[in-house]
Amino acid sequence: VGGGMGRTHNKEETFARLADPLGYVETDDVYDLLKAIVATQRDYGDRVNRRHARMKYLLHDWGVDKFRATVEGYFGKEIAPNKSLPPFKYQDYLGWNEQGDGNLFLGISIENGRVKDEGNFQLKTALRDITKQFALPMLLSANHNVILYEIEPSQKQEIEKILEQRGIQITPEGIEPLVRYSMACPALPTCGLAIAESERALPGMVERIRVLLDKLGLEKEHFVIRMTGCPNGCARPYMAELGFVGSLPGKYQVWLGGSPNQTRLAQPYVERMPAEELETFLEPILVYFKQERQTAEESFGDFCDRVGFDAIRKYTVTYQSGASLGNEEEIGKPAKKKDVGKNRRHRVRLRDDLHARLKAAAEQQGKTMTEIASEALEAYLEKISS
Ligand code: SF4
C-alpha cells in the first residue's frame, strides 16, 4: 500500500513513492481488507489539501505500522505478516506462449500504446482482421501491449500470416530492445495537463539514444526508458533507468537510477535538459558507465544507483568528447581540432525487421552495424552508378 507516481515540479512535499508491504490475508478476506484500507483512507486521508490527499502521503506521515494497526481496527482482526515472494521479474509476455490448457496466447508490442496504421505498418487493420476472423479475447497489459489469448494451435499460422502481411513484428527478439522496454504517456495533443511532448517525441529520442550507444561501442546495451509530458508520471518515469519528465516545452527533468525490473525509485539528476542536447548530456554518462561498470551484466540503472550522482557529475564535468570522431578508442579523449567533422555520422531510419537483421548480421560477422550498412550501401551505390 502507499505507492504512487504523481508529483508536482518544485513542490518537494509531493513525491513519487514505493508501496509498503502490508501483510498477508487469505483469498476470502481480500475484499474485506480492501474495504478496511479504503475506510482508513476515507477517515484519515487529507481532505483539505488536494496535493496531499493521496494515500501514499498518509503512509508516509504515519508509517506502515500505524497504518496497519488502523486498518486492522476496521478489518476486525490482525493482518498476518507478509509471506515472502519470489523476486519480482519484469515480464512483457511478448510473442507466442502456452497458456497452460493447450491453447496459446500472443503478446504484441504496441509502441507507446498507439494502435495505428502508418504506411506498411498496419497494426490497427491487423487487429481488426484477427478479431473479425477469430473473435479472440484481448487483454491490454500494464506496459501498453496487447495480449490475444484462447488461441487454438490450429489458428496460429493464420494469425501469424495476417500480422506478417501487415508489417507487425511478433518475434520479441526482433524488436529493438530500447523500444520494447520504453513507454511514453500521450501528453500533447491529447492530454490537457501536458507541459512537453511525450508520445510524439519519444520514438525520435530512443532512435538518437540507439545511435549514440552504437557510436560509443555499446551496441548490445539497452535499458528502460520512460517519458511523460508532466510530473504526474502516467508512464511511470520514476521507475525507469532513464526517465524524462516534461518540465518546460522542449525541456525535460531527467531521472536516473531505476532498476531493469522497475522495483527501485530513480532520482532526479537534472531539472531541464533541452531535448536537442540529449547526446551532449548522455554521452559522458554512458562513457563513464562503459568504463566503470562492475561487470558486463551491471545495467545502466544499477550502475547509476551504485556510483551515485556525485561521482557521475564529477566525471561528466571533466569529460571531453572524442566520440564525435566515430572512433571508439578516441572516446573520452580530447578531440583533435583538425579531425572534427571527419567521419561525421548521419542518421537513417530503418524498419524494425531490417534493423533486427542488420544487428544479427553484425553479431555474426563481428562487425558494427555501421560497418555492415556502409559496406552494403557502397556496393549498392556503385552498382546503380555503373
Ligand atoms: S503524465 Fe502525461 S498523460 Fe499523465 S497527466 Fe501528465 S502529460 Fe498527461
Side-chain angles (χ1 to χ4, degrees), residues 2-19 41 45-46 49-57 60 90 92 109-116 118 123-124 139-146 178-209 223-259 262-278 281 301:
M5 294 284 101
R7 45 177 285 282
T8 306
H9 285 314
N10 305 318
K11 299 241 177 292
E12 297 311 316
E13 69 278 17
T14 67
F15 45 83
R17 186 178 190 277
L18 288 184
Q41 164 67 4
D46 191 338
N49 178 2
R50 191 167 166 269
R51 287 195 200 287
H52 191 250
R54 288 195 175 268
M55 197 167 77
K56 66 178 174 179
Y57 298 117
H60 174 76
Y90 172 84
D92 55 15
S109 171
I110 315 283
E111 189 176 354
N112 296 326
R114 181 65 58 184
V115 175
K116 62 183 176 186
E118 204 174 78
L123 178 62
K124 198 169 168 181
L139 288 172
L140 304 181
S141 83
N143 299 302
H144 64 35
N145 296 320
V146 160
L178 286 180
V179 174
R180 177 176 175 181
Y181 299 112
S182 71
M183 186 147 87
C185 76
L188 297 169
T190 314
C191 176
L193 298 173
I195 302 167
E197 290 281 352
S198 180
E199 182 196 335
R200 296 190 297 196
L202 188 61
M205 300 273 266
V206 167
E207 212 174 290
R208 288 164 62 191
I209 292 170
F223 34 79
V224 178
I225 304 172
R226 298 282 165 83
M227 177 180 269
T228 58
C230 88
N232 283 336
C234 296
R236 307 193 290 278
Y238 312 121
M239 308 304 290
E241 297 183 89
L242 175 60
F244 299 101
V245 178
S247 48
L248 282 172
K251 293 194 170 63
Y252 297 87
Q253 192 179 50
V254 180
W255 289 64
L256 298 174
S259 58
Q262 298 135 65
T263 50
R264 181 178 59 229
L265 272 181
Q267 299 297 324
Y269 181 74
V270 294
E271 291 301 318
R272 282 179 282 278
M273 181 206 75
E276 65 273 16
E277 290 176 15
L278 176 71
F281 167 79

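Reckoned from all heavy atoms, side chains included, excluding hydrogens, waters and symmetry mates. Order of listing sets the numbers, starting from 1, for every ligand and every atom in it.
Note on residues 223-243: pairs passing ring pair (Phe, Tyr, Trp, His ring centres under 6.0 Å), not counting sequence neighbours, are F223-F300, Y238-W255. Residue pairs meeting the salt bridge (Lys or Arg N to Asp or Glu O under 4.0 Å) criterion with at least one member in residues 3-18, sequence neighbours excluded: R17-D20.
Nearest approach of P231 to G246, heavy atoms of both residues: CD-O, 4.1 Å.
Around atom 2 (Fe) of ligand 1, protein N, O or S atoms at less than 2.8 Å comprise C185 SG.
Contact annotation: the side chain of V254 never approaches that of P268 to less than 4.5 Å [non-hydrogen atoms, C-beta and beyond].
Take R272 and apply the side chain to side chain donor-acceptor pair (under 3.5 Å) test, not counting sequence neighbours, and it matches no residue.
If you check the side chains of R180 and N143, you find no donor sitting under 3.5 Å from an acceptor.
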